[in-house]
Number of protein chains: 2
Amino acid sequence: MLARRTQRQILHTGHPAHPALPASQPHQIAFYTANKEIYGQGERASALYQVEFGAVRLYRLLADGRRQISAFHVAGEVFGFEGDGHHHFFAEAICNCAVRIYRQPLDAQLACEMLPIALKALVRAQEHLLVIGRQSAAERVAAFLLDLHERQGGLPQVELAMSRTDIGDYLGLTIETVSRVLSRFRSQGYIRLKGTRTVELVRTEALRALCM
Amino acid sequence: MLARRTQRQILHTGHPAHPALPASQPHQIAFYTANKEIYGQGERASALYQVEFGAVRLYRLLADGRRQISAFHVAGEVFGFEGDGHHHFFAEAICNCAVRIYRQPLDAQLACEMLPIALKALVRAQEHLLVIGRQSAAERVAAFLLDLHERQGGLPQVELAMSRTDIGDYLGLTIETVSRVLSRFRSQGYIRLKGTRTVELVRTEALRALCM
DNA sequence: CGTAATGTTGACAAGGGTCAAGCTTAGTGG
DNA sequence: CCACTAAGCTTGACCCTTGTCAACATTACG
């Protein structure tokens, strides 16, 4: 059903499934199919977005098409605050997903709510700089798997919403390198691959030791 | 004189040389000599810092000593907001420098002032991810020189406050690679080196073309 | 002026990128 | 329900950029 939608759909609701921004006014939910743009670089930033279900990627492009994904966002997470009134990044749906949109003036109360979210995003971005700037391919992939692992509640089964291309563009690697590292982790018994998008972490401590 | 100080010095003043945080209470200025720690990872975060003169580096370390500098801050810039009450990074003086320290409770007014600063830092960090994740050594160094160039008001002479080691740790490169790229830029006529810490940008447009 | 820290350059090695071929999976239509 | 196709993924061979190690040069400082 969702896969057939080519336009985004808007509907109104007052019952968020995840903790909503407390200061929130009436808001909308928008649905997007895989790879649909949520907003584009340079567009006027006029709202905050909270993922209801599915997953979203934020990225930037170089002139020749090289892409860096700066963050993935999953259910409950907020994105789209970008300061000076214009988006500096692209936001796209990774898979079919729903996004709650908050349009409201930036007042003191909203600033108080946004600040901790923005600071958390800042810490995440700066930690990611360490991963990309100073860690090897294996360390990056291990850190990525462990990050998803934690965000999915610590279950051994980790579901990858994103393609190898997305993972590569997030970690500053090529898809071939990502694939090779995953294959090596499997042959080392660190993980089991159940289909290309499901990873079972078998030796979590070994992965953790890798990226200390 | 300053170089002789081994402890930081505190003094009080009410006349900032740069735009201060408007909501500021009485505050202090602290002096640091080169390589002195301003705060450490894990320390309780209880203040905001504004560079009065000199330059500061923020960084993180891996267990084996690999270092990633996430940002340099120069006169007028604010740093040290880190959300959940603890610093996630180290802050150190690059050279002799003075830092204005604001200690005050986080209220709505302060949140309103901090939000745009935090968002700007976030955008900078995410842009830096693109540089480190997807650009070659030459592109990274070019982007770095142009960034300093702009922050120093567009003068052709760019003063490097930091060592090659710092530049390497900021760009995710080794000092040897940084040095080689600078030498190549010089032999290509893109820059002139007047001592190791002064770079004159001769063909700015060539550098700009490099990192598009 | 001498010493230590910092920076440069060269030779070599290795990690990861590129290109290409083949394999899997999911989606489509007969 | 199966076969076909296209997209996504894996694997191999090769190469290039950058890292490593080492020697030397330069600068800063006592």
Side-chain angles (χ1 to χ4, degrees), chain A residues 1-4 6 33-35 62 64-68 94-96 131-142 144 159-188 191-199 210, chain B residues 1-6 33-35 62 64-68 94-96 131-142 144 159-187 191-199 210:
Chain A
M1 288 295 279
L2 267 172
R4 286 285 163 78
T6 53
T33 55
N35 303 312
L62 289 170
D64 61 3
R66 281 175 290 175
R67 183 178 72 155
Q68 177 66 44
I94 291 176
C95 50
N96 297 326
V131 173
I132 286 187
R134 286 295 176 216
Q135 294 195 285
S136 69
E139 291 169 329
R140 294 183 209 190
V141 174
F144 174 69
E159 292 299 322
L160 307 179
M162 66 293 289
S163 67
R164 297 289 187 270
T165 304
D166 282 339
I167 298 173
D169 284 351
Y170 177 67
L171 297 177
L173 300 171
T174 59
I175 54 172
E176 291 94 333
T177 300
V178 172
S179 184
R180 274 186 260 265
V181 170
L182 287 174
S183 297
R184 189 147 56 81
F185 283 173
R186 186 191 45 195
S187 73
Q188 290 172 320
I191 62 173
R192 264 195 284 271
L193 292 168
K194 311 191 158 182
T196 56
R197 301 289 183 100
T198 305
V199 181
L210 251 186
Chain B
M1 288 298 280
L2 266 173
R4 285 284 166 75
R5 292 192 226 261
T6 52
T33 56
N35 303 313
L62 289 169
D64 60 4
R66 281 175 289 175
R67 184 178 71 156
Q68 178 66 42
I94 291 175
C95 50
N96 297 326
V131 173
I132 286 186
R134 285 297 177 215
Q135 295 195 282
S136 69
E139 290 169 330
R140 294 183 209 190
V141 173
F144 173 69
E159 293 298 323
L160 308 179
M162 66 292 289
S163 66
R164 298 289 187 271
T165 304
D166 282 340
I167 299 173
D169 285 351
Y170 178 66
L171 297 177
L173 300 171
T174 59
I175 55 173
E176 292 94 332
T177 300
V178 172
S179 185
R180 273 187 261 267
V181 170
L182 287 174
S183 296
R184 189 146 55 81
F185 282 174
R186 186 190 45 196
S187 73
I191 63 173
R192 265 195 286 273
L193 292 168
K194 311 190 157 183
T196 56
R197 301 288 183 101
T198 305
V199 181
L210 251 185

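Since this is a predicted model, take the numbers as computed values, not measurements. Reckoned from all heavy atoms, side chains included, excluding hydrogens, waters and symmetry mates. Each chain gets a letter, A, B and so on, in the order the sequences are listed, and its residues count up from 1.
- Here A:Gly172 lies in heavy-atom contact (under 4.0 Å) with sugar-phosphate atoms only.
- OP1 or OP2 of D:dT11 lies within a sub-4.0 Å distance of a side-chain N or O belonging to A:Arg186.
- Within the 4.0 angstrom heavy-atom criterion, no nucleotide atom of any strand lies near A:Arg140.
- Straight-line distance from the CD1 atom of A:Ile167 to the C1' atom of D:dT10: 14 Å, rounded to whole Å.
- Between B:Gln135 and B:Leu210 the shortest side-chain heavy-atom distance does not fall below 4.5 Å.
- With hydrogens and angles ignored, the 3.5 Å screen pairs no side-chain donor or acceptor of B:Arg180 with any backbone N or O of B:Ile175.
- With rounding to whole Å, A:Arg66 atom CZ is found 13 Å from D:dT17 atom P.
- In this structure, A:Ser183 does not reach the D:dT10 phosphate: none of its side-chain N or O atoms is under 4.0 Å from OP1 or OP2.
- At the heavy-atom level, B:Arg197 lies under 4.0 Å from the strands shown only through sugar-phosphate atoms.
- Contact check, B:Thr177 against D:dT18: no side-chain N or O comes under 4.0 Å of OP1 or OP2.
- Applying the 3.5 Å distance criterion, the base of D:dT17 shares no donor-acceptor pair with the side chain of B:Arg184.
- DNA chain D is contacted by both A:Arg134 and A:Asn35; A:Asn35 maps to the nucleotide lying nearer its 5′ end (nearest heavy atom per residue).
- When each of A:Arg66, A:Arg67, A:Gln68 is paired with A:Asp169, the side-chain hydrogen bond (donor to acceptor under 3.5 Å, both in side chains) condition holds for A:Arg67 and for no other.
- With hydrogens and angles ignored, no donor-acceptor pair under 3.5 angstrom links the side chain of B:Arg180 to the base of C:dG7.
- Toward the 5′ end of DNA chain C lies the nearest nucleotide of B:Ile175, the other residue of the pair B:Ile175 and A:Gln135 mapping further downstream.
- The shortest distance between the side-chain N/O atoms of B:Thr174 and the OP1/OP2 oxygens of D:dT20 is not below 4.0 Å.
- Nucleotide D:dT18 holds its C1' atom 15 Å from the CG atom of A:Leu173, rounded to whole Å.
- Residue contacts shown for B:Ser163 are limited to sugar-phosphate atoms, with no base heavy atom under 4.0 Å away.
- Between the A:Arg184 side chain and the A:Ser179 main chain, no donor and acceptor come within less than 3.5 Å of each other.
- Within the nucleic acid shown, A:Leu182 has no heavy atom closer than 4.0 Å to any nucleic acid atom.
- In this structure, the side chain of B:Arg197 engages the main chain of B:Ala161 through a donor-acceptor pair within 3.5 Å.
- Between the side chain of A:Glu176 and the base of D:dC9, no donor-acceptor pair under 3.5 Å is found.
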